[in-house]
> 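I have a structure I would like to understand better, so I am pasting it below and will then ask my questions one at a time.
Here is how names work: the chains are called A, B, and so on, in the same order as the sequence lines, proteins then strands, and each is numbered from 1. The structure displayed is predicted, hence computed values, not measured ones.
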Amino acid sequence: MFALVDCNNFYASCEKLFRPDLADTPVVVLSNNDGCVVARSKEAKKLGIKMGVPVFQVRDVLHKQGVVAFSSNYALYADMSQRVMSTLENLAPRVEVYSIDEAFLDLTGINYSLSLTEFGLQVRRIVHKHTGINVCVGIAPTKTLAKLANHAAKTWHKTGGVVDLTCTERQRKLLALLPVGEVWGIGGKLTKRLQQLGIDTALQLADAEPEFIRQHFSVVVERTVRELRGESCLALEQLAPTKKQIISSRAFGDRITDKQQMQEAISEYVSRACKKLRQEQQHAQYLTVFLRTSPFSDTDAPYSASKSIALDTPSSDTRVFLAKAMQLLEALWVNGYRYAKAGVMLADFYDPGVYQPSLFDTPPVQKDTDKKLMQLMDTLNSKHSKTLWFASQGTKQEWSMKRELLSPAYTTDWQQLPVVK
DNA sequence: TCTGGGGTCCTAGGACCC
DNA sequence: TCTGGGGTCCTAGGACCC
C-alpha cells in the first residue's frame, strides 16, 4: 500500500509562509528570467491564471487583480522541502522523495494501529504543525492509483485532503470521472492517440487489454494500465539512483549577440555542471555544448546547434572541461544570430579511478594537486558563494538571468532571517 | 519586447558481428 | 538467376515527469 503526499501550491505556499500579510492575497511564482508562471496560490488559481503561461500574456490580470509575483527562490524552496521530507521520514518507515514537493510512503503495517484515512489526516496535521505547509494525501495499492487519489484529495475539499482508494469500487468510481490525461504517465501526445482509439476516461484505459496497449503503444503504457487495475508494477525507490547526466543551461536575461559574452555564459555553465559532478563524486567523459535562438520568435532567424566531444580520460576537473567547451563553442558559434539560450551537458559517468583505457593510451595520472585545487574551490565557494571563479566566467555577467522579484533566503542565510518587530 | 530548467526511460534504425 | 538469420551496441529522437 502506498501513500502519495503532495504539498499544496508548494512554491507559492513557501512565499506566503514568511509573508503573513499576504495570507489572502493571490500569489504567483515565476520561472527563471521571470518568464512563466510556475506556481499559483489558490486565490491566483481562482483568477484563472493558468500554469505555465508566459508572464507578458497575463501582466494585465496580475496588475488589475493585485496579484503579488515572486521570482523563483530555490534556496528557500529546497530548505522547506527538506523540512517536509524529514518530517515524513519520522512518520513512515520507508519514504521515496519523488520531487521537491512530493513523496511516496510505504504504508505496510500502518493499518494495524489506525485506519489509513486516520493516518493520512495525522500526516497532514503533523507536517503542517512542523513546517506550516499544507499537504494532501492519496492512498492506494499502486503508485499510479495513489497519484489519482491525491488528485482527488486536492480537487474535492470535502475529502478533508485525504483519499483512501483501497476499495476497488471507489477506484472505479473515481477513474470514471477522470479524463485519461490526468493519469500519471499519460501526457498530451498519448492522450490524443488514446482518444483516437475511443479511450477518453481513466476507467476506459484501466479496462483496456494490457496486451492491446502494449501493441499500440509501449511497455510503459502497459505498466500504467496494470497499475490502474491495482497490479503494482512500480516499487518504492528509497535510494536516489546515481545520475546519468548533468545539465546546466539557462535562457539569457537579454539576447546574446557577442561571442565573448557567450564564452562567459558557457564557462559559467561548465563550472556549475562540474561542481555538481564533484558533489556526485563522479567523473564524466562526455561533454556537449548547445546554443539556440528563441523558438518563439517570428522575426529572429532560427538557429540551433550542438556538438559533443569525448575526453581521453574521464575527469571532474573544471579546467579540462572549460578548455574542451571553448573548442566546441568555436565550432558552433555563428555571427549574426540573437542567441536566447545555451547550455552544457555532462554524460558517460565513471567512479573516480575506474575507466577502460584504449590500447595505446598512456595510463592517466590525476595529480593530487589537481584534485585538491578543485576541492579547495568547492569548499571556499560553499562558505561564501563566488569567492573563487575562472576568469572566463566573466566579472559582470551581463547576460545572466533576471530575478527582479526575489524574496529573501529567509531560512538559509543569516543576513536574511526574517525579523519580528 | 517578453515563453524555465533538469531529468528519465523507451524505441527505432543503422552499423557491425558471425 | 539465385544473396540468411540472429544477434549486440550505439545514437537520435520522442515521450513523459515535476
Side-chain angles (χ1 to χ4, degrees), chain A residues 4-7 9-11 28-39 50-60 62 69-74 77-78 81 96-104 143-144 147 150-151 180-194 213-224 233-234 237 240-255 269 272-273 276-277 280 286 288 290 292-300 304 306-308 310 338 340-349 400-405:
Chain A
L4 176 65
V5 181
D6 193 318
C7 301
N9 320 323
F10 184 56
Y11 292 179
V28 295
V29 177
L30 311 180
S31 63
N32 283 343
N33 281 315
D34 299 340
C36 301
V37 172
V38 293
K50 295 272 180 286
M51 177 69 178
V53 286
V55 172
F56 73 91
Q57 285 177 10
V58 289
R59 188 151 280 152
D60 280 355
L62 297 184
F70 290 95
S71 303
S72 289
N73 182 345
Y74 293 112
Y77 314 148
S81 171
E96 172 187 344
V97 178
Y98 177 69
S99 76
I100 193 162
D101 71 338
E102 43 185 322
F104 287 102
K143 282 179 158 183
T144 305
K147 273 271 196 185
N150 191 286
H151 175 80
V180 69
E182 290 293 341
V183 176
W184 189 35
I186 306 298
K189 299 277 164 68
L190 285 172
T191 301
K192 265 201 183 140
R193 286 172 58 199
L194 285 165
I213 293 295
R214 169 87 184 243
Q215 274 169 18
H216 280 77
F217 300 92
S218 67
V219 287
V220 186
V221 188
E222 182 194 357
R223 246 187 331 245
T224 301
C233 304
L234 304 168
E237 289 167 24
T242 50
K243 283 198 197 332
K244 292 174 179 168
Q245 55 176 228
I246 290 172
I247 298 173
S248 176
S249 75
R250 294 276 183 291
F252 306 123
D254 291 308
R255 302 282 182 263
Y269 304 151
R272 282 172 191 253
K276 275 193 223 165
L277 183 64
E280 290 279 310
Y286 202 71
T288 303
F290 65 89
R292 65 165 170 75
T293 55
S294 169
F296 304 105
S297 173
D298 296 328
T299 49
D300 289 4
S304 170
S306 75
K307 272 201 188 309
S308 306
R338 299 179 69 234
K341 182 176 179 176
V344 305
M345 197 175 113
L346 304 177
D348 210 356
F349 291 174
S400 65
M401 65 182 180
K402 289 186 183 132
R403 289 166 97 192
E404 287 166 357
L405 306 163

> Answer with base, sugar-phosphate or nothing: what part of the nucleic acid does A:Asp101 contact at a heavy-atom distance below 4.0 Å?
sugar-phosphate
> Is any side-chain N of the basic residue among A:Glu182 and A:Lys147 closer than 4.0 Å to the acidic one's carboxylate O?
no
> Could you give the distance separating C:dG4 and B:dC17 at their C1' atoms, to the nearest angstrom?
14 Å
> Partners of A:Asp254 by side-chain contact (heavy atoms from CB on, under 4.5 Å), sequence neighbours excluded?
A:Lys402
> Given the rule that a pair is Watson-Crick or G-U wobble with both distances under 3.5 Å, how would you write DNA chain B in dot-bracket, using | for pairs to a different strand?
....||||||||||||||
> Report the residues that fulfil side-chain contact (heavy atoms from CB on, under 4.5 Å) with A:Asp101, sequence neighbours left out, ordered by chain and then residue number.
A:Asp6, A:Cys7, A:Phe10, A:Ser99
> Identify, with sequence neighbours excluded, every residue that meets salt bridge (Lys or Arg N to Asp or Glu O under 4.0 Å) alongside A:Asp34.
none
> Calculate the interatomic distance between A:Asn33 atom CG and B:dG5 atom P; express it in whole Å.
6 Å
> Please determine if a side-chain N or O atom of A:Arg250 lies less than 4.0 Å away from the OP1 or OP2 oxygen of B:dG6.
yes
> DNA chain B: A:Thr299 or A:Met401, which has the more 5' nearest nucleotide?
A:Thr299
> Looking at DNA chain B, which of residues 185-192 of chain A put a heavy atom within less than 4.0 Å of it?
none
> A:Arg272: what forms a salt bridge (Lys or Arg N to Asp or Glu O under 4.0 Å) with it, not counting sequence neighbours?
A:Glu268
> Rounded to the nearest Å, what distance is computed from the OH atom of residue A:Tyr74 to the P atom of nucleotide B:dG5?
8 Å
> Do you know the tightest heavy-atom contact between A:Glu280 and A:Ile246?
CG-CD1, 4.4 Å
> With sequence neighbours left out, what residues match A:Lys341 under salt bridge (Lys or Arg N to Asp or Glu O under 4.0 Å)?
none
> Tell me: CZ of A:Phe290 to P of B:dG4, nearest whole Å?
12 Å
> Who passes ring-ring contact (aromatic ring centres under 6.0 Å, His included) against A:Phe349, sequence neighbours left out?
none
> Could you check how far CZ of A:Phe252 sits from C1' of B:dC2, rounded to whole Å?
16 Å
> Just the rounded figure in Å: distance from C1' of C:dC17 to NZ of A:Lys147.
8 Å
> What residues form a side-chain hydrogen bond (donor to acceptor under 3.5 Å, both in side chains) with A:Ser81, not counting sequence neighbours?
none
> In whole Å, I'd like the distance from the OH atom of A:Tyr77 to the C1' atom of B:dG6.
17 Å
> Heavy atoms under 4.0 Å is the rule here; annotate nucleotides 7-16 of chain B 5' to 3' with B where the base is hit, S where only the sugar-phosphate is, and - elsewhere.
SBSSS-----
> Just to verify, what does A:Glu222 make a salt bridge (Lys or Arg N to Asp or Glu O under 4.0 Å) with, not counting sequence neighbours?
A:Arg214, A:Arg226
> Is there a side-chain polar atom (N or O) of A:Arg59 under 4.0 Å from OP1 or OP2 of B:dT1?
no
> So, A:Arg403 side chain and A:Asn32 main chain: donor-acceptor pair closer than 3.5 Å or not?
no
> Between P on B:dG4 and CG on A:Leu30, what's the gap in Å once rounded to a whole number?
12 Å
> May I have the distance from A:Met51 (atom CE) to B:dG4 (atom P), rounded to whole angstrom?
12 Å
> Among all residues two or more places apart in sequence or in another chain, which pass the ring-ring contact (aromatic ring centres under 6.0 Å, His included) test with A:Tyr11?
A:Tyr77
> Please classify the nucleic acid contact of A:Arg272 as base, sugar-phosphate, or nothing, using heavy-atom distances under 4.0 Å.
nothing
